[in-house]
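Have a look at the structure below before the remarks.
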Amino acid sequence: MARALIAGARTVFFSLFLLLCLTCNNNLVPVAEAIWLTIPGSGTRCVSEEIQTNVVVLTDYYVIDENNPEHIPTISARVTSPFGNNLHHNENVSHGQFAFTTSETGNYQACFWLDSSHQHGGASLTLGLDWKIGIAAQDWESVAKKEKIEGVQLVLRRLEGVVEAIHGNLIHLKNREAEMREVSERTNARVAWFSIMSLGVCIVVSVLQLWHLQRFFQKKKLI
Amino acid sequence: MEMRRAKVWALMGLLLFSWVCDVACLSLTVNSVECVYEYVLYEGDTVSGNFVVVDHDIFWGSDHPGIDFVVTSPAGNVVQTLKGTSGDKFDFKAPGIGMYKFCFHNPSSAVETVSFYIHVGHIPNEHDLAKDEHLDPINVKIAELREALESVTAEQKYLKARDTRHRHTNESTRKRVIGYTVGEYILLGLASTLQVIYIRRLFSKSVAYNRV
């Protein structure tokens, strides 16, 4: 599995190199797959996503610093599951990666912060984040090797995977909508019931008041 | 023949690689300004995406100003602006190669959570076909098909983000209904008890002799 990942990574980097040679000529090394975020000088930057169960999550993160490429600042990272379990924790690194398969549906959060040694002057950092889940995280190299397909066939196989992912997403959306509809209808029924009940509570309370005061005045021989 | 096969492989690798130019549906908390950067490899690429403000915790009214969304090209020009919205889709043709900046501005003091999705799509055109004789017209069709599927995926992510926001509203409504109703009953009971106690005090012996 790791070997396939390394082989896949090597092909990706080779293709990236080809692409770079063909198109760009700047001194950075842009990775087209990732987004860049800024980490503030103090405090953490967190990104999160709501993910279902049994989804593969594959993430790469790296610090980008054009000013001094020899002395790259280091960051710490932590990934937490919806129930608070620590899935990945790394300190004092300038790049890292993590991969896991989700075991529960919920909000998965990845937080990054600057190390205390680099927190001077409140200067912010740029972090490149390559966050892939589900079909985007699939290793197509190993699929190509296993099924012995290549070229256009492999591309079409990928498209087929995307279509299956779309279908799965639609079903998931439909289920969520059904749950939400139930909550809505229950709330609707509750609003009606509670309003009528508040009218009833009002009447009951006023009757109790009157009865109590009548007894009180009769006791005081005022009535 | 070997060279040709190697070239086809490399080209396929390129095609496969230029596939994944998007980011998953991430959520970001926006304090006042938050920016996300994405690199565009080819001029004329279609950059599309959407964003939804998910954690919209307004208490009284819906007169929240919304958030502003600004896209800046690497040359410094503003490519797209969306003001005062709580979620929208966007797409534009990239005028140049480079790092594009996607910024969310939050005018209110409350922290908002924004869920966004950005996709950079490239379809090889006739210019690329003419440049490289190994690039078949079928690659163009496959690229178009891929982009169409990506747009469906983008719509789904938008729907999912809006659904999440709707969920938050529903949950908040449910909690408010229960909380405020129970509070209302307790206050009603308390007010009537206080009324009774007050009236009893008015007619109590020590006060009555002095007043009534």
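In what follows, every chain begins at residue 1, and chains take the letters A, B, ... in the order their sequences are listed. Quantities reported herein were computed from a predicted structural model and do not represent experimental measurements.
Proximity to chain B (any heavy atom under 4.5 Å) is shown, for A:I166, by both the backbone and the side chain. Both the backbone and the side chain of A:L170 come within contact range of chain B, with heavy atoms under 4.5 Å apart. With a threshold of 4.5 angstrom between heavy atoms, A:E50 approaches chain B through its backbone and through its side chain. With a 4.5 angstrom heavy-atom cutoff, B:I178 touches chain A via backbone and side-chain atoms both. Looking at A:F194, both its backbone and its side chain come within 4.5 Å of chain B, counting heavy atoms on both sides. Both the backbone and the side chain of B:T164 come within less than 4.5 Å of a heavy atom of chain A. Within the 4.5 angstrom heavy-atom criterion, only side-chain atoms of B:T181, from C-beta onward, approach chain A. Within the 4.5 angstrom heavy-atom criterion, only side-chain atoms of B:E184, from C-beta onward, approach chain A. Residue contact with chain B, scored on non-hydrogen atoms closer than 4.5 Å, involves the backbone and the side chain of A:V201 alike.
Heavy-atom pairs under 4.5 Å with chain B peak, among A:R45, A:E179, A:E177, at A:R45. Across A:L37, A:L173, A:N107, the residue that shares the most heavy-atom pairs under 4.5 angstrom with chain B is A:L173. Of the listed residues B:R167, B:E171, B:K101, B:K160, the one with more heavy-atom pairs under 4.5 angstrom with chain A than any other is B:R167. When A:H212, A:Q109, A:M180 are compared by the number of non-hydrogen pairs under 4.5 Å with chain B, A:M180 comes out ahead. Interface check for chain A: of the options B:V40, B:L28, B:T29, B:D163, the most heavy-atom pairs under 4.5 Å are formed by B:D163.
No donor-acceptor distance shorter than 3.5 angstrom exists from the side chain of B:S86 to the backbone of B:V53, with no hydrogens or angles considered. A donor-acceptor contact shorter than 3.5 Å is absent between the side chain of B:N139 and the backbone of B:P124.
Aromatic ring pairs are classed by plane angle as parallel below 30°, tilted from 30° to 60° and perpendicular above 60°; the pair B:F90 and B:F69 is tilted. By the 30° and 60° cut-offs, the orientation of the rings of B:F116 relative to B:F104 is tilted.
Two rings, from A:F112 and A:Y61, have their centers less than 6.0 Å apart. Ring centroid separation for the pair A:H95 and A:Y62 does not come in under the 6.0 Å cut-off. Under the 6.0 Å cut-off for aromatic ring centres, A:F217 and B:F203 qualify, their centroids lying closer than that.
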Full working for side-chain hydrogen bond (donor to acceptor under 3.5 Å, both in side chains) between B:S32 and B:N106: CA-CA 5 Å; B:S32 56; B:N106 185 10; over 6 Å; no
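Summarising the geometry of B:Y100 relative to B:V79, their closest heavy-atom pair is CE2-CG2, 4.2 Å, with the distance given to 0.1 Å.
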